[in-house]
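Computation of the quantities below employed the complete heavy-atom set of this structure, encompassing side-chain atoms and omitting hydrogens, waters and symmetry-equivalent molecules. Throughout, a chain's letter reflects where its sequence line sits, starting with A, and its residues are numbered from 1.
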Amino acid sequence: MVERIQKIVNNVGLPRIIIGLFLLFLLASAPFVGVRIDTSLNDIILRLAMNGILVLSLVPMVKSGCGLNFGLQLGVISGLLGAVISLELNTTGFGGFFLAIGLAIIFATVFGFLYGILLNRVKGEEMVVATYVGFSSVAFMCIWWLILPFKSQDMIWAYGGAGLRTTISVENYWYDALNNFLSFKIGSHITIPTGGLLFFALLCFLVWVFFRTKIGSAMIAVGSNPEFARSCGVNVNRMRLVSVILSTIIAAIGIIMYQQSFGFIQLYMAPLYMAFPAVAALLLGGASVNKVSLKNVIIGVFLFQGILTMTPSIINNLIKSDMSEAIRIIISNGLIVYALTRSSGVRQS
Amino acid sequence: MKTQDLTKTTHPVIRFLINNAVPILFIVLVAFAIPLSGFSGEYLFREMVTRVSRNSFLVLSLLIPVIAGMGMNFGIVLGAMAGEIGLIFITDWEIVGMPGLLLAMIISTPIAALLGYFAGKILNKAKGREMATGLMLGFFMNGVYQLVVLYSMGKIIPIGNNNILLPRGFGIRNAINLEGVRQVLDNLLSFDIFGIGIPIANFIAIGLLCLFIVWFRRTKLGQDMRTVGQSMEVARASGIDVEKTRLISIVISTILACYGQIIFLQNIGTMNTYNSHEQVGTFAIAALLIGGASVARATIPNVFVGVILFHMVFVVSPRAGKELIGQAQLGEHFRVFVSYGIIAISLALYAWRKQMEKQNLRRQAQAINREALKIQQGSTIGGKES
Amino acid sequence: MKKVLMVMFFLVLISSYALADASFHIGIVTGTVTQSEDDLRGAEQLIKEYGNVSEGGMINHLTYPDQFMTEMETTIAQIVGLADDPLMKAIIVNQAIPGTVEAFRRVREMRPDILLFAGGPHEDPVMLADVADLSINPDNVARGYLIILAAERLGADTFMHISFPRHMSYELLSRRRDIMKVAAEDLGMQFIDMGSPDPTSDIGVAGAQQFILEKVPAWLDTYGKKTAFFCTNDAHTEPLLKRVAELGGYFIEADLPSPTMGYPGALGVQFDEADQGNWPAILDKVEEAVIDKGGSGRMGTWAYSFGFTTTAALGEHAKRVIEGNAEVLDMDAIMDAYQKYTPGAGWNGSYYVDNDGVDRDNFVLIYQDTYVFGHGYMNMTDEVVPDKYFDKNIGRD
Amino acid sequence: MRRNIIRISLVVLVIIIAVFLYNIGKSHKIYFDNKNITIGDTTYTASNTCRVWVDDEESQDVRNRSRKVFKVAGAAHTIVVQEVVNGELSGERIEKKIKFKLDEGAIVNLPVLLDGAESWYEINTEI
């Protein structure tokens, strides 16, 4: 029995168990401080569907040895481009949503291709370079959001009459298009966004299948031992390039998924903050810079978003002051630091 | 590939161009941007002197952990926080002038050492992920800092000065006036060149720190650090306490960053209580990387080249962007784009050059091997014939 | 590429020499369109009137960084850089973000003749009052009482103040919260102090907005539909407006009120070219949208944007002062400049009183009448704020 | 053992330096009031503007019925006061010394000082 527990602990990793227990504790204490458990659960599930794909997008690059994609913003920008164009073309519902995704994939392929070429030149320092690529691409797009000749009255600045707003409502277009698909209610306060969850599951499945194909396993080989891969006749650079493009495309889909659930498209500086929570979630899920699995993605999103939504509301109701934000920062980042110091234990098992 | 041939070239000019691609790229860029921005030479010179004098100390504090193989220390944010706490206290007590500045340093040293110790302990547990962990540690400590400064100062830690305390009776205001210590170090020993004050005392402090780093590298501890940086296994085998050595490097770096932040803020003159430290790590690291350093190797010249180039772009590009595009708001975005884009490109160039060098080495090695093989084969064949 | 750059470079050079005809320059520093649209539009309005320096006009407009909280160095360099121009006679910073005080000190040292104006200061009022010639801020002291009063008049029985630690370290914001608390108790309302994520923290704007989107329904559940919401951060405003319009509750006015603050994004208001630069038309469009969404009589704003009018009015005032047509601290002259950009709007205000009880007559606090959609003006500028709310120790335990 | 002694004495030395720095760097506020004041039975009336110098700092003019403040560092200070009539210095230059303990400031009553009375300043411990 003890051994079995030991095995489970080793398998999941102690940090995750502790964080999971902490999350459970938060949920359990919710009713005592006047926070509804059902709405909290609802929020966590919704956030799983919203953020899952963005975190998933990190996987191909880690697998191919390109490290954590701190340049996620590039994918996000592709997604944003797809989204605003679909709005400009006045498409609604499923049609609009999938048009946005289709367009985004095209942009993501182009950006990802260029980005991949750059990253191939900087093996070993991908993460640092990616961070700055992310920053500068966001600023670059800031210029274009202002200049591009969008005309839709829903999107342009009120006083200036030109250029895109910082936040654009998608309510009249494809708000919750996917989440409402087959969605059902449990009780009065939980709505399961079936469509969103299914879509996330589908993408996870596709990624899973992909890494079982010939190209996928070649990519893993490149990631774990490039020299060996090369000697087996695998084109290392091409594999890395494909993984970067793939990551960028999934990120583009991820942000559109995020927006349809969020209700707003956020332009300008907003993408800057997209990479960090995704990376943090993945690390919290037990991944490391060079090793990752789909399990890490799902556990990571669940724990990270769970803590993100639960801590402020519980602490708020507990102490009724703005101090809750300071405590949230301490708890959630402290847990991530903790996970980082411990993840070597998982790797050994 | 054509590019690979370039690195093989022995032509000295081309070699020079390639070896210094990043500074050259910067100089070209700046050469275009300066006339566009319309700034006077005097303004730019003054701006560069102040920026080098106020930022170099912070950037220098990054060097020691690099020697120990811990990469860029994002944990200098912790040192910056310690320095700020020292400054809060001297402002509260109304200690002014040079004594105030020195007192701030004395107060914050133990805090910085403690935080550095804490950071070092954690980084020791996160070997191989030092940079990401350091970054997260910064975020984490930011929460702790808020808790201490905004909620316990005035309540638990006595603060009496109404000018820094919020009217509600606890918590420090978002901005603190450092009037009392404003530019005291800069003005301690300064003389004018063409009407521009050169803060000699500042440069002396920076010079002393450089000497310290040079000296430190030669000490037993410095040598140990280098060994640890190259290979922890080797270091351990030769009897070096790896954990302790790494810990010390982080503590030193944190304390230096704390002084660096104090020097930085005495020049700025006001303190943004809750945000001044946030980007310290990112900016210092960006400057160092532009200066030609890498995660594994950073030298003193890297620091100065980096600070000058990085800040030149920061100063010039917003105006240049504005003039180029004609709209003020686009100028700001242009600056961010150019500044970070150029960092990304220069990092890419450095990494690429390193990769090429490696490839060249490999190719040379292969060539030598082949030659050796040929000779060997030749001799054996010859042997048979004879 | 190089050729193009060269040509551009010479064009700029030529144009700057050929048309240099304004006898003095005014430097305006605002946020970018992404940070604070209205402030920037105010500068564009001034450029429209008085011309751009690069084309021989009077106005030199710059923007401070989007990440201004952490890029103080850049802010200082931008502002001080303006003083490099020998014709510069006034510098206006709206909003006066951290770094402005130091930048003003440096400008003073170099060029004591330059007029220094600040709008909506983020730094400590005393610090700014010490260096700037004139600072203008929304009257967060009077509004602390008036917003509660307006909420009560509209029928709210609970008031929720949403903020986070960083903002509560701003003196005037923190004081406004305390005043609101006391005022709510005085008027028999429940006051709730709610914490929320900081948009500049690790989770960013999206995370902060998500929090509001998720929690408003729960709050309305707990505290009832008669809850009025107030948030100190612009980023929180949009999701808050969206939820309030949908589900109920009140929203009196934003921290920096403007018809374009939050409403267009939150409610998907459509604008066309006819609305460009026309505040009354924009107000009508927003009103239509609010009533459409069922927010009539529950949601309000100021009819003219504070950010826009402050940039424009300070610019206008500076011009008049330089030309010798007005005194810097003449309240009537300042209000006259404001009236130019807000025809027909009611304004009121007072001076900031510092810690030592000294009136700072170069730190002006102003407010405009609250306009509630589907209800009209609340006439808040006619109300007299009881003296007790001006006590700086209000709400202190 | 010897190492520890050296370490402890170093720490003590640093603390001493800190205390020393605190003393020489501590700033004090000296308020100058040019207002009518009654001490005991005597009433001193403020009439003219006074120009005030403290140590080497720039002078300030204290107008009738107003208050100005100087911020100075360290314990001992020299105050110089002279009246200003019609924009020109006139009358006697009065030079006074003042010494502070920590956490002290002073309010100087200029009319009293000009009158030559003893109690020309009061120590102000509230900062």
Side-chain angles (χ1 to χ4, degrees), chain B residues 32 35-40 42-43 47 51 54-55 136 139 142-143 146-147 149-151 162-164 166-169 171-177 179 182 268-270 272-280 282-283 311 314-315 318-319 322-324 326-333 335-336, chain C residues 2 5 8-9 12-13 16 28 30-34 40 43 52 54 61-67 69-74 76-78 80-81 84-85 98-99 101-102 105-106 122-124 126-127 130 165-171 174-175 178 200-202 355-356 392-397:
Chain B
F32 269 102
L36 266 179
S37 73
F39 283 123
S40 64
E42 187 201 326
Y43 172 81
E47 202 53 39
R51 282 175 182 243
R54 77 174 165 218
N55 285 293
M136 292 307 308
F139 284 122
N142 200 22
Q146 277 189 359
L147 206 63
V149 177
L150 193 50
Y151 295 103
N162 276 334
N163 287 327
I164 64 170
L166 282 169
R168 67 179 180 195
I172 303 296
R173 288 164 190 258
N174 67 313
I176 293 182
N177 196 347
E179 192 96 64
R182 177 173 178 257
I268 294 281
T270 59
N272 213 340
T273 318
Y274 302 98
N275 296 80
S276 279
H277 49 262
E278 247 173 30
Q279 293 276 337
V280 163
T282 330
F283 284 166
H311 284 285
F314 255 60
V315 172
R319 276 286 191 99
K322 184 200 159 187
E323 299 300 335
L324 202 63
Q327 268 191 55
Q329 48 168 336
L330 296 179
E332 165 56 24
H333 296 312
R335 173 188 71 91
V336 181
Chain C
K2 264 187 189 172
L5 279 176
M8 279 185 158
F9 163 50
V12 171
L13 264 189
S16 62
I28 315 259
T30 68
T32 63
V33 75
T34 59
L40 177 123
N52 203 334
S54 60
H61 176 212
L62 294 179
T63 52
Y64 54 74
D66 277 355
Q67 311 270 53
M69 286 312 287
T70 49
E71 289 195 34
M72 216 151 106
E73 274 190 288
T74 312
I76 295 174
Q78 287 276 58
V80 177
D84 197 33
D85 173 359
V101 168
E102 180 58 20
R105 282 186 199 143
R106 286 177 194 209
H122 288 216
E123 281 168 301
D124 221 46
V126 178
M127 284 162 67
D130 282 344
R166 190 171 56 81
H167 264 183
M168 286 302 99
S169 70
Y170 286 45
E171 184 201 325
S174 166
R175 197 152 125 194
D178 297 340
T200 64
S201 75
D202 53 344
N355 279 324
D356 303 328
K392 74 182 158 78
N393 290 326
I394 196 166
R396 198 162 167 179
D397 357 279

For the interface with chain B, which of C:H167, C:H61, C:Q78 has the highest count of heavy-atom pairs at distances below 4.5 Å? C:H61
Shorter than 4.5 Å, heavy atoms on both sides: which option in C:R175, C:E171, C:R105 has the most such pairs with chain B? C:R105
Name the region of C:L62, side chain, backbone, both or neither, that has any atom closer than 4.5 Å to a heavy atom of chain B. both
Interatomic distance, CD@C:E102 vs CG@B:N272, rounded to 0.5 Å, equals 12.5 Å
Distance in Å, C:M72 CE paired with B:N275 CG, rounded so as to fall on 0.5 Å steps: 10.0 Å
Partners meeting ring-ring contact (aromatic ring centres under 6.0 Å, His included) with B:Y274 (sequence neighbours left out): none
Scanning both residues in full, the closest heavy-atom pair of C:A77 with B:E47 reads CB-OE2, 3.8 Å
Need one label for B:L150: side chain, backbone, both or neither, based on atoms under 4.5 Å from any heavy atom in chain C. side chain
If you count heavy-atom pairs under 4.5 Å between each of B:I268, B:N142, B:T273, B:V280 and chain C, which one has the most? B:I268
Looking at C:D124 and B:N177, would you say the former's side chain and the latter's main chain have a donor-acceptor pair under 3.5 Å? no
Quick check for you: to the nearest 0.5 Å, what is the distance between B:I176 atom CD1 and C:M127 atom CE? 8.5 Å
C:E123 and B:N174 have their tightest heavy-atom pair at CA-ND2, 4.3 Å
Mind ranking B:R335, B:R173, B:E278, B:R319 by heavy-atom pairs under 4.5 Å with chain C and telling me who comes out on top? B:R173
Highest number of heavy-atom pairs under 4.5 Å with chain B: which of C:T32, C:D84, C:D66, C:V33? C:D84
Chain B contact via C:V126 - which portion, at a heavy-atom distance below 4.5 Å: neither
Interface check, chain C: of B:R51, B:H277, B:H311, most non-hydrogen pairs under 4.5 Å belong to B:R51
For the candidates B:R182, B:H333, B:R54, which exhibits the highest count of non-hydrogen atom pairs separated by less than 4.5 Å from chain C? B:R182
Heavy-atom proximity to chain B below 4.5 Å, by part of C:D85: neither
Under a 4.5 Å heavy-atom cut-off, does chain C meet the side chain of B:I172, its backbone, both or neither? backbone
Partners passing side chain to side chain donor-acceptor pair (under 3.5 Å) against C:T74 (at least two apart in sequence or in another chain): C:E71
Just so I know, are the side chains of C:E73 and B:N55 near enough to count as touching, which here means a heavy-atom distance under 4.5 Å? yes
Comparing C:G31, C:G81, C:S174 against chain B, the one with the most heavy-atom pairs below 4.5 Å turns out to be C:G81
